[in-house]
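Pasting a structure below so you can have a look.
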Amino acid sequence: MARIKDRLKNNSPGPFFVDSSCIDCGSCWHIDPEHFAPTGSSSYVHTQPDGKQEVEKALLALIDCPVAAIGAPKHLTAKSSADVFPILVNKHPAGDVYYCGWSSKRSFGASSWLIHGAEGNVLIDSPRWSAPLAKQIKKMGGINQIVLTHRDDVADHAKWAKAFNCERWIHQDDADAAPEAEKQVIGIDLLSLRKNLKLIPTPGHTKGSMVAVLGDQQQILFSGDHLWWNPKKSVIVASKDYCWWNWTEQLKSVERLLDLEVHWLLPGHGYAHQFMPGQWNKALEQTLRHAGRTTSTGQI
């Protein structure tokens, strides 16, 4: 629980605050950028929520925080419900997509996503174990498969797999991060996990990184840490500084995604973004054009 005595000085005056236990994972300003923002070394409250809806949004960030670094008075936190997650992001013919919340410190606050579909539900990367979240997912039909996009975001996959008796998929080259996983993707060929869900190996960030693509039209791309959106520069980011294996191979992997028709980019870290028809290819080509001039921070 966040402690008032450790409240960071750059928080705006008011009831919500971030304390010094913040690990700067970004989960709060991804879910509620209207009130939270990064400083470069931590997050902080830049604007206090005003009104019921804004308070509810800030409370989502409080619940989601993987290290409980966000604080608020009891009369406000008492209004929050642990049952608020998962939250609907997009209704899609191939399956509705939900944000799971309950980010894990073990995956540095990475986002995880739930596909709720007719062929069964798929969890993309793992949130921290949460009994309230598990209860809600059970009401939605449970989990049939877990896709682990790369070694960094496996978090509490073992607990989720045990709770729902479901199979896990991970690439062979990252399999040591989840050695209990029942299934492995081998090589770089596209794999159809089911009719409307494909796994595409994208080595680079890690050797076994891969992305998941939902649907054949207006596709939803679950990019792990391979790509994310930078709202300040309005560009897709591939980060050299956060490439743990091979930058050259990562750029080759970016090229593999040019032919997609992405409607939503849903990353593990970084901002999500919605694209209009025709925007995806142009944005990704821009990323590749600027790759040779990547700054020292790795931000294109």
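Start at 1 with the first residue, then count along the sequence. The figures here come from the full heavy-atom set of this structure, side chains too, leaving out hydrogens, waters and symmetry mates.
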Donor-acceptor pair, side chain of Arg3 and main chain of Ser20, under 3.5 angstrom | no

Mind listing the closest non-hydrogen atom pair of Cys25 and His30 along with its distance?
-> O-CE1, 4.2 Å

Short question: side chain of Ser104, backbone of Arg128 - any donor-acceptor pair under 3.5 Å?
-> no

How far apart are the C-alpha atoms of Cys28 and Ile70, what are their side-chain angles, what is the distance that settles it, and do they pass the side-chain contact (heavy atoms from CB on, under 4.5 Å) test?
-> CA-CA 9 Å; Cys28 61; Ile70 300 173; 3.7 Å; yes

Could you tell me whether Glu255 and Lys252 make a salt bridge, using a distance below 4.0 angstrom between a side-chain N and a carboxylate O?
-> no

Closest non-hydrogen atom pair, Ala163 against Trp129 | CB-CH2, 3.6 Å

Angle class for the Tyr271/Trp29 ring planes (parallel below 30°, perpendicular above 60°, tilted otherwise)?
-> tilted

Minimal non-hydrogen separation, Cys243 against Gly204, with atom names | SG-O, 3.2 Å

Counting heavy atoms not belonging to Met1, are there more than 12 under 6.0 Å from its CE?
-> no

Closest heavy-atom contact between Ser27 and Ser103?
-> CB-OG, 4.0 Å

Hey, can you tell me if Trp160 and Phe164 have their rings parallel, tilted or perpendicular (30° and 60° cut-offs)?
-> parallel

Sequence neighbours excluded - salt bridge (Lys or Arg N to Asp or Glu O under 4.0 Å) pairs with any residue from residues 106-127 | Arg106-Asp156

Got more than 12 heavy atoms from elsewhere within 6.0 Å of CG, Asp6?
-> yes

Is it the case that Trp169 and Glu167 place a side-chain donor and acceptor less than 3.5 Å from each other?
-> yes

Which atom pair, heavy atoms only, marks the closest approach of Asp24 to Pro38?
-> OD1-CB, 4.4 Å

Under 3.5 Å: donor-acceptor pair, side chain of Asn121, backbone of Gly142 = yes

What distance separates Ser209 OG from Lys207 NZ, expressed to the nearest 0.5 Å?
-> 12.0 Å

If you take all heavy atoms of Cys100 and Pro86, which pair is closest and at what distance?
-> CA-CB, 4.2 Å

Derivation and outcome, side chain to side chain donor-acceptor pair (under 3.5 Å), residues His269 and Asp225 = CA-CA 6 Å; His269 286 100; Asp225 291 350; 3.0 Å; yes

Are any of the side-chain nitrogens in Lys139 or Asp83 under 4.0 Å away from the carboxylate oxygens of its partner?
-> no

Consider only side-chain heavy atoms of I, L, V, M, F, W and Y, link residues closer than 4.5 Å, and tell whether Phe17 and Leu8 are in one cluster.
-> no

Output yes when a side-chain donor or acceptor of Ser253 lies under 3.5 Å from a complementary backbone atom of Pro203, and no otherwise.
-> yes

pair Asn10-Thr39: side-chain heavy atoms closer than 4.5 Å | yes

First locate atom CG of Asp152, then atom CG of Asp174, and finally report the distance between them rounded to the nearest 0.5 Å.
-> 7.5 Å

Check: Glu180 main-chain N/O paired with Arg168 side-chain donor or acceptor under 3.5 Å = yes

For the atom pair NE2 (His226) and CD1 (Ile236), what is the distance rounded to the nearest 0.5 Å?
-> 10.0 Å

In this structure, are over 12 heavy atoms from other groups packed under 6.0 Å from Asn165 atom CG?
-> no

Judged by atom type as modelled, is there a donor-acceptor pair below 3.5 Å linking the side chain of Asn11 to the main-chain atoms of Val18?
-> yes

Is there a side-chain contact between Val147 and Leu193 (heavy atoms, below 4.5 Å)?
-> yes

How far apart are the C-alpha atoms of Val67 and Cys22, what are their side-chain angles, what is the distance that settles it, and do they pass the side-chain contact (heavy atoms from CB on, under 4.5 Å) test?
-> CA-CA 7 Å; Val67 293; Cys22 174; 5.6 Å; no

Phe36 reachable from Phe108 in the ILVMFWY side-chain graph, under 4.5 Å edges = no

Would you confirm whether Gln279, through its side chain, and Met276, through its main-chain N or O, come within 3.5 Å as a donor-acceptor pair?
-> yes

How would you list, by chain and number, every residue that makes a ring-ring contact (aromatic ring centres under 6.0 Å, His included) with His273, sequence neighbours excluded?
-> Trp229, Phe275

Begin from the C-alpha positions of Leu148 and Ile146 and carry the test side-chain contact (heavy atoms from CB on, under 4.5 Å) through to its verdict.
-> CA-CA 6 Å; Leu148 302 171; Ile146 299 175; 3.8 Å; yes

Interatomic spacing from NE2 in His205 to CG in Leu227 - rounded to 0.5 Å | 11.0 Å

Please report the C-alpha distance between Asn90 and Tyr98 in whole Å, then the side-chain angles of each, then the deciding distance to 0.1 Å, and finally whether the side chain to side chain donor-acceptor pair (under 3.5 Å) criterion is met.
-> CA-CA 7 Å; Asn90 186 67; Tyr98 292 77; over 6 Å; no

Please assess His35 against Gln48 for the test side chain to side chain donor-acceptor pair (under 3.5 Å), listing each intermediate value before the final yes or no.
-> CA-CA 6 Å; His35 304 112; Gln48 290 291 334; over 6 Å; no

Side chain proximity check, Asn196 to Asp216, heavy atoms < 4.5 angstrom = yes

Are the charged groups of Asp96 and Lys91 less than 4.0 angstrom apart, N to O?
-> yes

Does the side chain of Thr77 pick up a donor-acceptor pair with the side chain of Ser80 at under 3.5 Å?
-> no

Does the pair Ile115 and His92 meet the rule for a side-chain contact (heavy atoms from CB on, under 4.5 Å), with working shown?
-> CA-CA 10 Å; Ile115 302 169; His92 193 281; over 6 Å; no

Between His171 and His150, ring centroids under 6.0 Å | no

Under 3.5 Å, is there a donor-acceptor pair between the side chain of Gln219 and the main chain of Glu261?
-> yes

About how many Å separate CG of Leu199 and CZ of Phe222, when rounded to the nearest 0.5 Å?
-> 11.0 Å

Can Asp241 and Ser239 be said to form a side chain to side chain donor-acceptor pair (under 3.5 Å), step by step?
-> CA-CA 5 Å; Asp241 276 6; Ser239 175; 5.9 Å; no

Pick out which of Leu257, Ile200, Leu214, Leu266 makes a side chain to side chain contact (heavy atoms under 4.5 Å, CB included) with Leu221.
-> Leu257

To the nearest 0.5 Å, how far apart are CZ in Phe16 and CZ in Arg7?
-> 11.0 Å

Residues Arg151, Asp176; criterion salt bridge (charged side-chain N to carboxylate O under 4.0 Å, His left out); working and verdict = CA-CA 8 Å; Arg151 64 171 58 253; Asp176 60 311; 2.7 Å; yes

Is there a donor-acceptor pair under 3.5 Å between the side chain of His116 and the backbone N or O of Leu88?
-> no

Counting distance only, does the side-chain N/O of Asn144 pair as donor-acceptor with the main-chain N or O of Val122 below 3.5 Å?
-> no

